[in-house]
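First up is the structure itself, then whatever we jot down about it.
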Number of protein chains: 2
Amino acid sequence: MTGKSIGLQLRRNGFKLTPQRRAIIDVISGSEEHLTPSDIYSRLQHKYPGIGLVTVYRTLELLENSGLLCEVHIGDTCRSYLKRKRPGEHHHHLVCAGCGKVVDFVDCELGDLENRLTSETGFSIDSHLLEFMGRCASCRKLVSK
Amino acid sequence: MTGKSIGLQLRRNGFKLTPQRRAIIDVISGSEEHLTPSDIYSRLQHKYPGIGLVTVYRTLELLENSGLLCEVHIGDTCRSYLKRKRPGEHHHHLVCAGCGKVVDFVDCELGDLENRLTSETGFSIDSHLLEFMGRCASCRKLVSK
DNA sequence: GGCTCAATTGAAAATGATTTTCATTTATAA
DNA sequence: TTATAAATGAAAATCATTTTCAATTGAGCC
């Protein structure tokens with residue numbers, strides 16, 4: 001999903017497309033890494049200084065509620081976001097512990113397991129969270145040097 | 001893992017087994033649900049008042065570092081803990097969105113997927129996070145009434 | 001049982017992240 | 001261009017977590 005299409009989608013949902021929101025969307029969609037609110041805030045300082053951290057929080061909340069962002073669950077923080085490459089599609093992440101780069105993939109092959117758990121436990125299952133952690137090719141090279 | 005064995009393990013690792021730690025371990029191992037630091041703190045108020053929230057944080061850190069607790073990744077918080085039923089063993093959780101109850105399971109059948117991702121992306125994979133979310137049998141009854 | 005000492009505790013203060021408030025500004029539709 | 005509701009930024013408020021430090025205590029030793 002490009003920055004432009006995220007912006008259009010926002011507007012389609014009845015929200016204003018302000019320069020601040022454009023800037024925040026630019027930062028997110030220009031990065032392969034997952035970013036926390038303060039990551040985004042500090043990247044904004046270069047190109048679009050003056051935007052408040054509050055606005056970053058508010059915009060992230062808005063984008064998340066509109067389903068235009070993915071959360072990444074890694075390490076300590078529960079608040080690291082990523083552009084959604086596959087809007088609406090069920091998918092998962094493979095995250096590099098070195099640089100934060102995220103690759104995503106679609107088929108998680110968990111249907112059988114889900115069925116088994118349902119029948120064994122009596123739970124109804126609504127969703128799952130699956131993320132792989134590792135090191136990307138370039139970070140592996142760095143380590144081995 | 002019982003509360004008693006958690007305590008013994010702590011002592012084996014050279015830490016003191018104080019009444020506060022006992023109380024915190026009791027609360028955690030007496031619960032089927034995952035608990036945040038303040039959940040634990042408020043449950044302590046009944047039976048063992050006077051224990052400070054700081055001590056809860058410190059004890060949780062200690063238990064986590066000793067591998068005696070599991071983290072649960074659900075909803076907003078990154079800080080919800082659970083007794084470790086299977087010490088040391090690789091396992092995953094099935095969490096009830098209604099009551100917070102957690103069931104765990106061992107075989108996640110992700111080996112093939114992991115191999116495929118490794119060869120397709122050039123990443124080396126170190127670990128994964130897999131959790132299922134749903135509703136347990138009793139919470140399902142509540143909803144349907 | 002008392003003694004010693006490092007580990008542990010609790011209260012308060014410090015820090016850091018996030019949210020709320022509110023007066024001002026601005027994107028958008030008419 | 002104008003009107004208006006939505007959005008912004010600064011400051012304050014809130015909430016979670018960590019640090020500091022003086023007082024207490026568990027555990028090994030006599």
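In what follows, chains carry the letters A, B, and so on, assigned in the order in which the sequence lines appear, proteins first and then strands, with residues in each chain numbered from 1.
Side chain A/R58 to base D/dG9: a donor-acceptor pair is found below 3.5 Å.
Taking the centre of each ring, B/H90 and B/H128 come in below the 6.0 Å mark.
Here the P atom of nucleotide C/dT28 and the CZ atom of A/F15 are 13 Å apart, to the nearest Å. Straight-line distance from the CZ atom of B/R11 to the C1' atom of C/dA7: 14 Å, rounded to whole Å. What separates OH of A/Y48 from C1' of D/dG9 is a distance of 19 Å, to the nearest Å. In this structure, the CG atom of B/L17 is 17 Å from the C1' atom of C/dA6, given to the nearest Å. Going from atom CD1 of A/I40 over to atom P of C/dA17 covers 14 Å, rounded to whole Å. Rounded to whole angstrom, the span from the CZ atom of A/R12 across to the C1' atom of C/dT28 amounts to 17 Å. A/L10 places its CG atom 10 Å from the P atom of D/dT8, with the value rounded to the nearest Å. Between the CZ atom of B/R22 and the P atom of C/dT8 there is a distance of 14 Å, given to the nearest Å.
In the hydrophobic clustering, B/V54 connects to no other residue, as no ILVMFWY side-chain heavy atoms lie under 4.5 Å from its own. Applying the 4.5 Å side-chain rule to ILVMFWY residues, one finds A/V72, A/I74, A/L82, A/V95, A/V102, A/L129, A/M133, B/V72, B/I74, B/L82, B/V95, B/V102, B/M133 in the same cluster as B/L129.
Near DNA chain D, meaning a heavy atom under 4.0 Å from it, residues 61-73 of chain A has no residue at all.
B/E33 and B/K83 are not joined by a salt bridge, as no carboxylate oxygen comes within less than 4.0 angstrom of a charged side-chain nitrogen. Electrostatic pairing of B/R84 and B/E64 does not count as a salt bridge here, judged by no charged N lying under 4.0 Å from a carboxylate O.
Nearest-nucleotide mapping onto DNA chain D: of B/K16 and B/R79, the residue sitting toward the 5' end is B/R79. Place B/P19 and B/L53 on DNA chain D by their nearest nucleotides, and B/L53 ends up nearer the 5' end.
Looking at B/S38, its side chain never comes within 3.5 Å of a backbone N or O of B/Y41 through a donor-acceptor pair. Checking side-chain atoms of A/H91 against main-chain N and O of A/E89 turns up a donor-acceptor pair under 3.5 Å.
Proximity of A/T18 to the phosphate of D/dA6: no side-chain N or O atom is located under 4.0 Å from OP1 or OP2. A sub-4.0 Å separation between OP1 or OP2 of C/dT9 and a side-chain N or O of B/R21 is present. Using a 4.0 Å cut-off, no side-chain N or O of B/Q20 falls inside it from OP1 or OP2 of D/dG26. Contact annotation: B/T55 does not reach the phosphate of C/dT8 (side-chain N/O to OP1 or OP2, under 4.0 Å).
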